[in-house]
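Right, one structure below, let's go through it.
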Amino acid sequence: MAYDPNNIFAKILRGDIPCKTVYEDDFALAFHDINPQAPIHVLVIPKAAYVSILDFTAEAPAEMIAGFFRAVGTVARQLGLEEPGFRMLANIGSDGGQEVPHLHIHLFGGRKLGRMVAKAD
Ligand code: 5GP
């Protein structure tokens with residue numbers, strides 16, 4: 001899938017639409033999900049044009065990959081999620097349930113999170 005520069009997270013990165021930022025550095029932006037599925041639900045996105053973990057890991061410079069995943073850990077610690085734990089998740093493609101075609105890691109916490117994968121419809 002080609003990267004769509006008008007996807008909603010690209011617009012957030014450009015500052016065209018607002019978000020509730022929780023963390024930002026040279027590689028990543030983290031902000032609260034607009035429709036939270038847990039008491040804490042934060043999205044971490046790279047500051048670069050990648051659709052998913054597939055093109056990101058194939059094409060991004062090593063510094064960007066390291067910086068992005070460091071930021072995911074930093075955000076989790078900053079949110080106090082280390083104890084009693086949390087979930088990180090990335091949806092990819094249609095079966096994965098990906099709605100926004102800009103790589104994002106979901107961080108969920110603040111309650112017991114239940115099943116790892118929903119039952120099929
Ligand atoms: P996906 O299904 O692609 O893994 O997740 C996309 C996520 O983006 C959803 O959880 C959805 O609630 C969130 N989202 C969609 N549009 C916006 C927006 O404009 N602002 C924020 N903060 N989150 C959004």
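One-based numbering, in listed order, for ligands and for the atoms of each.
With respect to atom 8 (O) of ligand 1, the closest heavy atom belonging to the protein is F9 CZ, 3.3 Å. The single protein non-hydrogen atom nearest to atom 19 (O) of ligand 1 is I8 CG1, 3.5 Å, given as residue, atom name and distance. Counting only heavy atoms of the protein, atom 3 (O) of ligand 1 lies nearest to E99 N, 2.6 Å.
Panel note: side chain Q37, backbone N35; a donor-acceptor pair is recorded below 3.5 Å. With Q98 contributing its side chain and L103 its backbone, the two residues share no donor-acceptor pair below 3.5 Å. A donor-acceptor contact shorter than 3.5 Å is absent between the side chain of R14 and the backbone of D16. A distance-only check finds no donor-acceptor pair linking the side chain of R77 to the backbone of V72 [under 3.5 Å].
Of the candidates N35, I34, T21, I34 brings a heavy atom nearest to atom 20 (N) of ligand 1. The residue from I105, I45, V100, D33 that puts a heavy atom closest to atom 12 (O) of ligand 1 is D33.
Contact between K11 and ligand 1 is absent, with no heavy atom of the residue lying under 4.0 Å from the ligand. The shell of residues lying under 4.0 angstrom from ligand 1, judged by heavy atoms, excludes L89. Not a single heavy atom of K20 lies less than 4.0 angstrom from ligand 1. Distances shorter than 4.0 angstrom do not occur between any heavy atom of C19 and any atom of ligand 1.
Partners of Y50 under the ring-ring contact (aromatic ring centres under 6.0 Å, His included) rule, at least two apart in sequence or in another chain, are F56. Residues passing the ring-ring contact (aromatic ring centres under 6.0 Å, His included) test with H102 are Y3, sequence neighbours excluded.
Residue-to-ligand polar distances keep H41 apart from ligand 1: every N/O pair is separated by 3.5 Å or more. The shortest N/O to N/O separation between G97 and ligand 1 falls below 3.5 Å.
Annotation: R70, atom CZ; neighbour count of heavy atoms from other residues, nucleotides and ligands within 6.0 Å does not exceed 12. Around CG of N6, the count of heavy atoms belonging to other residues, nucleotides or ligands within 6.0 Å exceeds 12.
For ligand 1, the atoms lying closer than 4.0 Å to a non-hydrogen atom of N91 are 1 (P), 2 (O), 4 (O). Distances below 4.0 Å separate heavy atoms of H104 from the following atoms of ligand 1: 1 (P), 3 (O), 4 (O), 5 (O), 6 (C).
Counting heavy atoms under 4.0 Å from ligand 1, residue H32 touches it through the backbone alone.
H41 has its ring centre no less than 6.0 Å from the ring centre of H32.
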